[in-house]
*Asks:* 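Could you have a look at this structure, given as structure tokens, before my questions?
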Amino acid sequence: ADTRISGARVARERDALVRVYGRPASIVSDNGTEFTSRAILKWANETEYFDPGKSQQNAFIESFNGSLRNELLNEESFDSLADARRKLAFWRYDYNNVSPHSSLGNKTSSEARRTLEQFESSAPGALAQTDDEEHEN
């Protein structure tokens with residue numbers, strides 16, 4: 001939570017995530033100003049923008065945004081930026097570690113990630129590789 005997030009900050013945060021998790025195959029983004037600034041253009045060859053007003057093109061983030069709005073933003077009042085950050089941190093912990101998600105087989109996000117990491121470490125390269133672009137996404 002912040003009062004304004006610049007494209008430069010988004011780029012710094014993306015760089016930090018790449019250092020931790022590695023470079024993603026692609027990035028899907030909406031057309032918000034913080035995602036279309038000059039600071040983000042260097043990522044443009046990896047970023048797939050979805051059309052304005054076409055939220056169905058990015059169903060995962062729209063589902064997340066709906067949960068955030070329904071479970072936090074519509075339910076809480078924020079006295080200050082610090083209060084908003086604190087409440088967001090609690091919500092994020094609950095979302096990732098307590099609440100099961102039907103799209104993850106009723107596992108929490110952290111459980112699903114641990115399962116994936118265990119599978120990948122016990123059978124590296126076991127997932128089928130394809131050259132067919134239609135099946136990559």
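Only heavy atoms go into these numbers, but all of them, side chains included; no hydrogens, no water, no symmetry mates. Please read these numbers as outputs of a predicted model, since none were measured by experiment.
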*Asks:* With Thr108, which residues qualify under side-chain contact (heavy atoms from CB on, under 4.5 Å), at least two apart?
*Replies:*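 Counting only residues at least two positions away or on another chain, Thr108 forms a side-chain contact (heavy atoms from CB on, under 4.5 Å) with Ser110, Glu111.
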*Asks:* Could you measure the distance from the OG atom of Ser63 to the NE2 atom of His101? Nearest 0.5 Å is fine.
*Replies:*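 If we round to the nearest 0.5 Å, Ser63:OG and His101:NE2 are 9.0 Å apart.
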*Asks:* Salt bridge check, Arg86 against Asp83: does any charged N sit closer than 4.0 Å to a carboxylate O?
*Replies:* yes
*Asks:* Would you say Arg85 has more than 12 foreign heavy atoms packed within less than 6.0 Å of its CZ?
*Replies:* yes
*Asks:* Where is the tightest heavy-atom contact between Glu75 and Asn70, given as atom of each residue plus distance?
*Replies:*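 Reported closest heavy-atom pair: CG-O, 3.3 Å.
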*Asks:* Do Phe78 and Glu76 have side-chain heavy atoms sitting under 4.5 Å apart?
*Replies:* yes
*Asks:* How far does CZ of Arg113 sit from CG of Leu116, to the nearest 0.5 angstrom?
*Replies:*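 One gets 7.5 Å once the value is rounded to the nearest 0.5 Å.
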*Asks:* Quick one: pull up CZ in Arg92 and CG in Asn97 and give me the separation to the nearest 0.5 Å.
*Replies:* 10.5 Å
*Asks:* Mind checking whether Leu88 and Leu68 have side chains closer than 4.5 Å, heavy atoms only?
*Replies:* yes
*Asks:* By ring-ring contact (aromatic ring centres under 6.0 Å, His included), which residues pair with Phe64, not counting sequence neighbours?
*Replies:* Trp91, Tyr95
*Asks:* Is there a side-chain contact between Lys87 and Leu72 in this structure, where contact means two heavy atoms from C-beta onward sitting under 4.5 Å apart?
*Replies:*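 Yes, side chains in contact.
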*Asks:* Taking Asp94 for its side chain and Phe90 for its backbone only, find out whether a donor-acceptor pair lies under 3.5 Å.
*Replies:*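 A pair under 3.5 Å: no.
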